[in-house]
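One structure is given below, encoded as structure tokens.
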Amino acid sequence: MLKDYSIHGEEIHAVITQFDLYQTFESGQCFRWNQMTPNRYMGISLDHVLDVEKREDRFVLRGTDRNTFEEYWMDYLDLKRDYAAIVKAVSVEESISKAAAYGWGLRILLQEEWETMISFILSSNNNVKRIKNLVEGLSHKYGRPIQYGGRTLYTFPRPEELQGVTCEDLAPVRCGYRASYIVDAVEKVMGGRVDPKTLRSLSYQEGIRKLMEIKGVGPKVADCIFLYGAGKYESYPVDVWVKRVTESIYMKRDATAAEIKKRADDLWGDLAGFAQQYLFYYARENNLKTGEII
DNA sequence: CAGCAGGACGATC
DNA sequence: GATCGTCCTGCT
Ligand SMILES: [Mg+2]
């Protein structure tokens, strides 16, 4: 967690425990963070840019200011949470304990609702590399340019900026059949049928049901949006990796997504989302196969 | 060139 | 309410 920070000209120097840049930004939860050097990542959310460098004794943050750091990035990076306590709490058994120790510096980002919604609609039936390309393409075409450090970044387009777009308009983005899903999401949000800003006030069941009204949002994508865009940590998104690893460790049989989510709820309850993040990261980094145990 | 990876939808039972 | 074929693209 955030222990201390101070302003040094254009830089903010912060002492943060349990924070690893690679683990956090390469764990499949976000698509707009890029590694600049092994110890440095740059990302954008809304119209905020953040440039984070890990040093020996501190993190150096650039591209932001005190107010934006305190009012936006602090929550986005979940810096007030004690992840050492999270690791302990989810470690109910040997395999998850190993996975959580392995992902000791993971943090679950609290991302902006609308951006999370569209990003995870694009994520369905895709891998991270391609998702990043799609989100980048959409932002380049419909977002606004921002200059930082001699380069141009593009904001993720707001609903108003996508209002009226058609599948044909989206063809250059190369998102395939997901184009119609984007169109539907824009219509539902602009029409008020779905309100990203009230998502966080909904219960788990209400939120998932509401999100699934959008075309292209099924159980897995809804869980991702609710977990990463609303901080609903009882969510347990079941993708192929989490399915495999949960089945092989905790069920020892083929199971449906609903059965897997129930098992996760029994094991971790309101912290299931954190457990999912550790298991996913471990499984994917180690290319775990069906039946393999951690 | 073929095969494969990755979730949601819609038809069908 | 569960199962299954199909969708789209990029990589191997
Ligand atoms: Mg839906």
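Each chain gets a letter, A, B and so on, in the order the sequences are listed, and its residues count up from 1.
The shortest non-hydrogen separation linking A/Y83 to A/I108 is OH-N, 2.9 Å.
Between A/K262 and A/D266, at least one side-chain nitrogen of the basic residue sits less than 4.0 Å from a carboxylate oxygen of the acidic one, meeting the salt-bridge criterion.
A distance of 5.5 Å separates CD of A/E234 from CG of A/D270, quoted to the nearest 0.5 Å. The OG atom of A/S203 lies 7.5 Å from the NZ atom of A/K232; values are rounded to the nearest 0.5 Å. Note: A/L61 CG to A/E10 CD = 13.0 Å, rounded to the nearest 0.5 Å. Note that the CG atom of A/L138 and the CZ atom of A/R178 stand 13.0 Å from one another [nearest 0.5 Å]. Distance check: A/D20 CG to A/N39 CG gives 9.0 Å after rounding to the nearest 0.5 Å. Atom CG of A/N67 sits about 5.0 Å away from atom CD of A/E71, to the nearest 0.5 Å.
Residue A/I214 is in sugar-phosphate contact alone, with no base atom involved, counting any heavy-atom pair closer than 4.0 Å across all strands shown.
The aromatic rings of A/F19 and A/F59 sit tilted relative to each other, their planes meeting at an angle between 30° and 60°.
Aromatic pair A/F156/A/Y142: ring centres not closer than 6.0 Å.
Axis orientation changes by 40° from one end of the helix from B/dA2-C/dT12 to B/dC13-C/dG1 to the other, with each end axis drawn from 5 pairs and the value rounded to 10°.
Taken residue by residue, residues 246-257 of chain A places no heavy atom nearer than 4.0 Å to DNA chain C.
Distance, A/I260 CD1 to C/dA2 C1': 15 Å, rounded to whole Å.
Remark: A/F25 engages A/W33, A/Y41 in a ring-ring contact (aromatic ring centres under 6.0 Å, His included) (not counting sequence neighbours).
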Ignoring hydrogens and angles, write down the donor-acceptor pairs under 3.5 Å from the side chains of residues 111-122 of chain A, residues two or more places apart or on other chains.
from, atom 1, to, atom 2, distance (Å)
A/Q111, NE2, A/Q29, O, 2.7
A/E112, OE1, A/W114, N, 3.0
A/E112, OE1, A/E115, N, 2.9
A/E112, OE1, A/R158, NH1, 3.4
A/E112, OE2, A/R158, NH2, 3.3
A/E113, OE1, A/K197, NZ, 2.9
A/E113, OE2, A/R200, NE, 3.1
A/W114, NE1, A/P157, O, 2.8
A/E115, OE2, A/L46, N, 3.0
A/T116, OG1, A/E112, O, 2.5
A/S119, OG, A/E115, O, 2.6

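In summary, the side chains of A/D265 and A/Y236 do not present any donor paired with an acceptor at a separation below 3.5 Å, with no hydrogens or angles considered.
With a heavy-atom cut-off of 4.0 Å to chain A, the contacted part of DNA chain B has its first and last nucleotide at B/dG6 to B/dC9.
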Item to check | Under 4.0 Å protein heavy-atom contact, by nucleotide of nucleotides 5-11 of chain C - B base, S sugar-phosphate only | outcome: --BBSSS
